[in-house]
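Keep in mind that what you see is a predicted model, and the values were worked out from it rather than measured. Here is how names work: the chains are called A, B, and so on, in the same order as the sequence lines, proteins then strands, and each is numbered from 1. Computed over heavy atoms, backbone and side chain alike; hydrogens, waters and symmetry mates excluded.
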Amino acid sequence: MDFLDHLALGLATALQAESLFYCFIGVLLGTFIGVLPGIGPTATIAMLLPVTYFLSPTAALIMLAGIYYGSQYGGSTTAILMNLPGEVSSSVTAIDGYQMARKGEAGKALAIAAIGSFVAGTFATFLIALAAVPLSSLALRFGSTEYFALIVLGLVTSVVLAHGSVIKGVAMILTGMLFGLVGTDTDSGMFRYTLGFYQLSDGLETVAVALGIFGISEILRNLEGGADSAGLGTARITSLMPSRADLRAAAPPILRGSLLGAVMGVLPGGGSILSAFSAYALEKKLSRHPERFGHGAIEGVAAPESANNAGAQTSFIPMLTLGIPSNALMALMAGALMIHGITPGPNVIREQPDLFWGVIASMWIGNAMLVVLNLPLVGLWVALLKIPYRVLLPAIVIFSTIGVYTVNNSGFDLYVLIFFGTLGYVFRKLGCEVAPFLIGFVLSKLLETHFHRALVFSGGDLTVFLREPISAAILALTGFVVLLVALPAFRRTRKQAFADSDD
Amino acid sequence: MLDPKIFPTRRRFLASLGAASALSMAPAHRALAAGWPDRPVTIVVPYGPGASNDIFARSLADLLSKDLGQPFVVENRPGAGGFTGALSVVNAPADGYRFLLMPNSIASFDSVMALDLDATADVTPVAQLATAPGSMVVSSALPANTVQEFIAFANGREEDTFYGYVGVGATQHQLAEKFRKLTGVKMKGVNYQGSAEVTTDLLAGRLHVQFSTVSAVRGQVEAGELKILAYTNASSAPGSPPAPTMAEAGVAGMAETQVWWGIFGPAGLPPEVVTPMNAAVNRALGDAAVIDTFAKNGAVPTPRSPEEFAAAIGSAVASAKEFVEFTGIVPGGG
């Protein structure tokens with residue numbers, strides 16, 4: 001009953017002309033910045049923040065939210081078409097999406113990404129409406145001990161993501177982790193591995209590392225192949241829309257991804273990155289044909305895309321119900337509310353019910369708009385692949401460069417981009433996957449921080465990770481995954497799975 | 001390079017010919033400031049957009065643009081705890097076209113982070129904007145309603161009592177350590193990456209106390225989930241939840257360490273720029289909308305002369321040094 005009242009109030013707010021207009025502007029902008037590599041939603045929302053001063057708080061938040069989930073949508077487009085993940089989380093989509101594109105199934109991959117995102121968005125909207133308040137208590141139960149366990153699980157499952165040898169996968173994670181440690185020691189404030197560059201005291205910029213290691217290195221490899229006319233080496237486009245069989249194959253991963261993403265999105269911190277990676281790992285685990293993963297499996301696009309989008313939406317829960325922004329982007333959203341004198345916190349839902357439910361209902365409307373907007377555009381995006389390489393390559397480099405520069409207005413980050421572009425190329429030449437490198441890079445600082453903090457709280461007692469029930473359960477699950485990898489039977493299947501993955 | 005003594009004559013000459021476009025050719029090294037400002041002025045915010053610094057800068061920039069007749073443009077240059085942006089102003093020509101808007105953490109670069117920026121020598125103090133009292137915040141579930149009860153609570157426990165802070169040597173870390181020094185209370189610091197994480201752990205009961213600005217916790221305080229035991233000094237912003245000052249609660253000496261924001265120029269900025277800029281900023285600080293913006297962020301405008309501001313910087317530098325001596329923290333490395 002309450003639920004229906006809330007939904008009615010939300011829809012009444014979200015269906016006002018002003019709300020609809022700003023929702024549309026938001027998702028449109030979001031799609032475009034998502035498509036442009038490097039120009040992320042954080043930078044865009046930051047730039048638009050002063051503009052929102054002139055809007056009503058509800059319209060402002062609806063528009064900014066639209067930019068956020070719109071960019072998650074658009075980010076998968078370049079990940080699929082060009083192996084250029086605009087966001088760290090869409091780098092998972094790139095693994096199979098790009099392979100699909102190379103097989104000429106770019107349209108199918110894009111359509112599945114769009115449909116998966118819409119289903120996930122719908123699911124997350126209803127979940128928020130039903131369970132926002134109880135879910136917010138989940139965020140409070142996650143302390144450093146639980147996070148540490150969760151990150152360990154994330155790192156271990158990312159071994160499953162790696163093609164080829166387990167040794168190489170582990171080596172890439174560890175290498176990524178080493179680069180992640182560059183910066184300032186959290187406890188003492190000492191600089192480490194900064195080589196005398198104060199610019200490195202905040203650590204390496206994630207966007208520069210991700211674009212370098214995925215995008216620039218891909219371009220270098222393509223250049224080597226002499227791909228001067230065909231445009232990114234993708235095959236002729238055979239299918240624009242998914243068939244009935246494709247939809248049947250994608251449906252269960254979409255549902256599982258939505259659920260996983262929605263739950264993990266609520267957790268502050270690395271939730272969104274972990275959710276896409278875990279959804280992918282889960283599908284691979286459940287699949288009867290895991291060997292197709294990494295070679296253009298439709299499930300490998302459907303699951304992480306759904307998880308991604310569901311997580312993007314549920315990450316609003318801690319901000320709106322507890323006043324705790326779970327990432328930099330949510331902090332900006334909180335900033336947008338504060339400009340209007342609304343302090344994010346437990347009172348928002350009581351004092352501004354139309355704002356709270358309006359924003360949530362608008363997410364569902366925005367997701368519908370995205371499908372309507374993106375499905376017809378699939379043909380256009382795919383046409384991009386026909387642009388000759390000599391035109392497309394410089395354009396990608398220019399957009400990546402601008403994108404990296406605008407994150408911090410920092411020229412130093414461009415050197416970081418070049419360095420990791422070269423490093424990524426070397427990794428590829430050595431037959432090492434770059435995805436585990438990136439996840440190691442992103443998670444190492446978090447792993448260290450939470451490990452350290454958990455031990456400060458426990459007075460240096462290591463058994464705390466096994467005494468806390470949530471962390472113990474997660475670590476047990478991790479042990480199970482390790483066991484699976486170590487078991488001979490699994491090793492054989494895995495070997496089989498990657499037997500012909502040498503390209 | 002053109003001799004700056006000769007150059008103005010040339011500029012006036014060209015201007016007298018009505019060759020306004022020649023201005024765009026003017027190199028940045030013009031030493032005179034008689035006509036200041038005659039082109040757009042940049043205010044560097046050394047952090048990302050959206051936080052209080054950025055909001056202050058943007059609300060002031062609008063008023064300064066109207067008042068001084070040239071666009072004032074906000075530029076975000078985040079990185080290295082504000083050092084990247086600060087350095088871009090320190091190294092700029094002292095001509096009045098590039099300013100820095102930054103909180104008192106500018107005083108910590110040298111002693112806490114071992115980064116090469118002396119706040120008493122490498123910048124020109126132009127105007128202080130506002131101060132924000134620190135607040136001592138605990139969970140509502142904590143069985144202590146006053147500062148003295150908190151001290152008794154912490155000292156009477158078997159287990160450790162923890163305070164949370166963001167950033168080694170940041171004002172909230174300095175406040176917590178100063179409180180520990182002045183009262184001898186038993187508590188340990190836990191480092192966090194962001195204030196949201198601190199609030200989470202405070203709500204969840206893993207942390208017991210934090211020292212922060214009011215704005216970071218206002219939502220939870222108004223909802224009755226957190227409570228403020230005391231403010232570090234008296235000038236609490238209008239609309240702040242009621243609580244006594246530290247001095248009233250029996251802890252003297254906390255007032256000198258406080259958060260403030262100010263505008264700086266490169267070293268050696270001439271009075272022809274400092275004086276009108278200080279006057280314009282102080283006029284802007286009287287604007288109702290600006291006062292309101294500051295109040296929402298828990299801050300109170302403090303119009304000051306450049307000399308008074310320089311004294312505040314000196315006291316912040318001393319405070320940072322005292323912190324390093326008391327905690328024995330080894331500065332950044334560099």
Is there a side-chain contact between [X] and [Y] (heavy atoms, below 4.5 Å)?
X	Y	value
A:Tyr198	B:Asp116	no
B:Leu115	A:Phe191	yes
A:Val456	B:Phe162	yes

Count the heavy-atom pairs under 4.5 Å between each of B:Ala80, B:Gly81, B:Gly167 and chain A, then report the option with the highest count.
B:Ala80
What residue in B:Asn297, B:Asp201, B:Thr84, B:Asp160 has the most heavy-atom pairs under 4.5 Å with chain A?
B:Thr84
Tell me the salt bridge (Lys or Arg N to Asp or Glu O under 4.0 Å) pairs involving residues 52-61 of chain A, sequence neighbours left out?
none
Non-hydrogen atoms of B:Val190 and A:Arg453 that approach each other most closely:
CG1-CG, 3.1 Å
A:Phe197 atom CZ, neighbour heavy-atom count above 12 within 6.0 Å:
no
Counting heavy atoms not belonging to B:Lys188, are there more than 12 under 6.0 Å from its NZ?
no
Under a 4.5 Å heavy-atom cut-off, does chain B meet the side chain of A:Thr449, its backbone, both or neither?
side chain
Side chain, backbone, both or neither of B:Tyr47 within contact of chain A (heavy atoms, under 4.5 Å)
neither
Backbone N or O of B:Asn76 within a donor-acceptor pair of the A:Asn409 side chain at under 3.5 Å?
yes
